[in-house]
There are 2 protein chains.
Amino acid sequence: MPDRPLNIDLLRRSPFFAAAGEAAMTRLLRPSFTQQLPRGAILFDQNEVPNFLHLLLAGSVGLQARDETGTETVVEIFGAGELFLAPAAILGLPYLASGAALTDVRVLMIPADVFREGIAADPALGQAAIELLARHWRLMVDQVVDLKLRPAERRVARFLARRVPEEAGAGTADLPEPRGAIAARLGMTPETLSRTLNALEAQGVIRLSPRQAHVVDRARLLQVGAR
Amino acid sequence: MPDRPLNIDLLRRSPFFAAAGEAAMTRLLRPSFTQQLPRGAILFDQNEVPNFLHLLLAGSVGLQARDETGTETVVEIFGAGELFLAPAAILGLPYLASGAALTDVRVLMIPADVFREGIAADPALGQAAIELLARHWRLMVDQVVDLKLRPAERRVARFLARRVPEEAGAGTADLPEPRGAIAARLGMTPETLSRTLNALEAQGVIRLSPRQAHVVDRARLLQVGAR
DNA sequence: CGATCATATTGATATACATCAAGATACAAT
DNA sequence: ATTGTATCTTGATGTATATCAATATGATCG
C-alpha cells in the first residue's frame, strides 16, 4: 500500500492531539500532508526558518546539532507519535538543530502558519502546545542531569529501559537507528556504547541481537553500577 | 505593604511580561507577593507539588536536581527578571528539581492556580507562556550540546561571555554565586573550574578578582581552544 | 580586630572515556 | 550466492577531567 491512509488512531492517541481535542486535530490535519523519506534524509536544517511542524507517523528522527567546529551530535531521538520542533516553529526563529531520518520515516507535515493561527484561536490547542513544550523541557532537563551525574553504563541502561514497551519486568527494546546516533544521543562514542552493551550482556541483564536488545530484568538493569 | 519597592519597571521589561501585556501583568500581580530569602534558602523542593511560580526580582537561583544516589547538580542558574518553573506549575506535576537561592534573593511569588486560570482566559498570556517555554527549551538544548561537544575550557568561556552585560568587546562578568554551583551548572568540579579560570587568565583573555571576572576581549574569549 | 569556619585554590594521582587502528559483520546491489 | 561498502566491534594507547589531600583565602562574628 503506497500511502497508507494515515493512521488517525495513532494521532488521536498521541499526547499532543489527545490534549488538543478532535476539533483542533481536524483543523490542523486538513492543510497537512504526509511524506515518506528514506533513512538519512534531512527533514529540516539547522538555521533554516521553519515552515512546517513534523508529526512522526513511523520511524525515528534525530535532532542533530552542529557546533562551530562542525562536529555533530544528536540532541534527542523522536519516535512514532511525537510532534517536534514546536519551539522553533512557535517562535518563528531558525531551527537550532537539524532533523535527520534515522530510519525510513513517514511524517505528517503541518504548515507552521496554520499551527500558529491555531494556537491563537483555539484555547484547547494552545493548552496542548503548552503541555507539549513543558514535557519537552522536562526531557531536556532529564538529559542534562543524566549527562552530568550518571556514568556511561547507567545512561545506556536507562535508555534501554525506557525503550521496553511495558512496565513489565522483561521485554525487547528495538534499536533500529544507527549505533552512532544512539551513542551521540547518550553523549558517548560508538566504541564506548558497544563496549557498554557488551558489559551489560556479560552481567546477564540484557541479551543482544542485531537490531535489538532483550531486557531480561528491567529492575536489575536499572540497578547496574548502583553504589 | 512593608515590602513596597516592587520594581514594576523590571517586571515590565522582563521578556515574559513584555509578551503578556499590561493587563495580564496586573492580573497576575494582584494576588502575588514578594519574599526575601537568604543565600542557601530552598524556594521549592524536588518532588513537591508547585503552588507558586517564581519571578526573580534580585539575586540568583539555582535549579538543582538530585539523582537516585543522592548527588546533586545544578541544571540552570536563573537571574533577575526571570520567571521559572513554569513547566511543573503548568503541568501540575511535581518539580523535577529544587530551587535554591545561590545569593540573597528577592522573589515574586505568583500563585500557580491564578497563573493556570490566566493562561486559559487570556490569549496574550497563553502566548507569553508558550514563548517562555520555547525559550527555556532552547536553553536546555544549548546546554546539552555544550556538554556533549565542548571541552571544559570552552564551556567556561561561553559562560563568562554570556554574563558580560553588553555586546561590546569588553566588560565585567559578576559571579556572585558559589564556585561549586557554577561548576555544577557547567558540568565540572570546582577544582576544574578554578584551574580553567586560571588558564584563561594566563592567556590574557580575562582578569580575575574575588567575585567577578573582567573580560578583556569577548571575541578572543570565545575563540579559546579553537581548532 | 583576630579567631573560626566555610569556600576556594593548588598539587599529586587515578580513571573513565576518547582516540586511533584493525578486523569482523551485516546489508545492498549485481 | 558474491562482491562491495558501510557499520559495528575489538584491541591498544592516550588524555581530559575527577578524585583525594593539603593549604590558602576570605567572610562572619565574638
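Letters go in sequence order (proteins before strands), and every chain restarts at 1.
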_Electrostatic pair B:R195-B:E153, nearest N-O below 4.0 angstrom_ = no

_Can you tell whether the side chains of A:R13 and A:D9 come within less than 4.0 Å, N to carboxylate O?_
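Yes.
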
Taking all non-hydrogen atoms of both residues, which atom of [X] and which atom of [Y] are closest, and how far apart?
X: B:Y95; Y: B:V49; result: CE1-C, 4.4 Å
X: A:L149; Y: B:E72; result: CD1-O, 4.1 Å
X: A:V164; Y: A:G171; result: CG1-CA, 3.7 Å
X: B:P176; Y: B:S60; result: CG-OG, 4.5 Å
X: B:Q46; Y: B:R66; result: OE1-N, 3.0 Å
X: B:R135; Y: B:P15; result: NH2-CB, 3.5 Å

In whole angstroms, how far is the [atom2] atom of [N] from the [atom1] atom of [X]?
X: B:R155; N: D:dT17; atom1: CZ; atom2: P; answer: 7 Å
X: B:L193; N: D:dT19; atom1: CG; atom2: C1'; answer: 16 Å
X: B:L186; N: D:dT17; atom1: CG; atom2: C1'; answer: 14 Å
X: B:I182; N: C:dT7; atom1: CD1; atom2: P; answer: 14 Å
X: A:M188; N: C:dT19; atom1: CE; atom2: P; answer: 13 Å
X: B:L147; N: D:dA18; atom1: CG; atom2: P; answer: 11 Å
X: B:K148; N: C:dA18; atom1: NZ; atom2: C1'; answer: 16 Å
X: A:R154; N: C:dC17; atom1: CZ; atom2: C1'; answer: 18 Å

*Which residue, A:E201, A:R218, A:H214, forms the side chain to side chain contact (heavy atoms under 4.5 Å, CB included) with A:I206?*
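Only match with A:I206 under side chain to side chain contact (heavy atoms under 4.5 Å, CB included): A:E201.
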
Kindly give the atom pairs (protein nitrogen or oxygen, nucleotide nitrogen or oxygen) under 3.5 Å for nucleotides 24-29 of chain D.
none

*Quick one: is B:S194 getting a side-chain N or O under 4.0 Å of the C:dA8 phosphate, OP1 or OP2?*
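B:S194 to C:dA8 OP1/OP2: no side-chain N or O under 4.0 Å.
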
*Reckon B:T192 has a side-chain N or O less than 4.0 Å from the OP1 or OP2 of D:dA18?*
yes

*Which word best sums up how the rings of B:F78 and B:F84 line up, parallel for under 30°, tilted for 30 to 60°, or perpendicular for over 60°?*
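B:F78 and B:F84: parallel rings.
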
*Evaluate the ring planes of B:F44 and B:H54, with Trp represented by its six-membered ring, and classify them as parallel (under 30°), tilted (30 to 60°) or perpendicular (over 60°).*
tilted

Counting side-chain heavy atoms from CB outward, which of [options] is closest to [X]?
X: B:A152; options: D:dT17, C:dC17, D:dA18; result: D:dT17
X: A:P178; options: D:dC8, C:dA18, D:dT17; result: D:dC8
X: A:R179; options: D:dC20, C:dT7, D:dC8; result: D:dC8

*How is B:G187 classified with respect to the nucleic acid when contacts are heavy atoms under 4.0 Å: base, sugar-phosphate, or nothing?*
sugar-phosphate

Protein-nucleotides 28-30 of chain C N/O pairs under 3.5 Å:
none

*Starting from the first five and the last five pairs of the helix from C:dC1-D:dG30 to C:dA22-D:dT9, work out the angle between the resulting helix axes, to 10 degrees.*
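What I find for the helix from C:dC1-D:dG30 to C:dA22-D:dT9 is an axis angle of 40°.
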
*Looking at residues at least two apart in the chain, or sitting in another chain, which of them share a salt bridge (Lys or Arg N to Asp or Glu O under 4.0 Å) with A:E82?*
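With neighbours one apart ignored, the set is empty.
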
*A:R163: salt bridge (Lys or Arg N to Asp or Glu O under 4.0 Å) partners, not counting sequence neighbours*: A:E177

_A:E191 (side chain) and C:dC20 (base): donor-acceptor pair under 3.5 Å_ =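 It does, because a donor-acceptor pair links the side chain of A:E191 to the base of C:dC20 below 3.5 Å.
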
*Between residues 195-209 of chain B and DNA chain D, which residues have a heavy-atom gap below 4.0 Å?*
B:R195

*asked:* Could you measure the distance from the OG atom of A:S98 to the CD1 atom of A:I42? Nearest 0.5 Å is fine.
replied: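 Result: 6.0 Å between the selected atoms.
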
*asked:* Checking side-chain polar atoms at under 3.5 Å, does A:Q143 have a donor or acceptor matched by the opposite partner on A:K148?
replied: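 Side chains of A:Q143 and A:K148: no pair found under 3.5 Å.
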
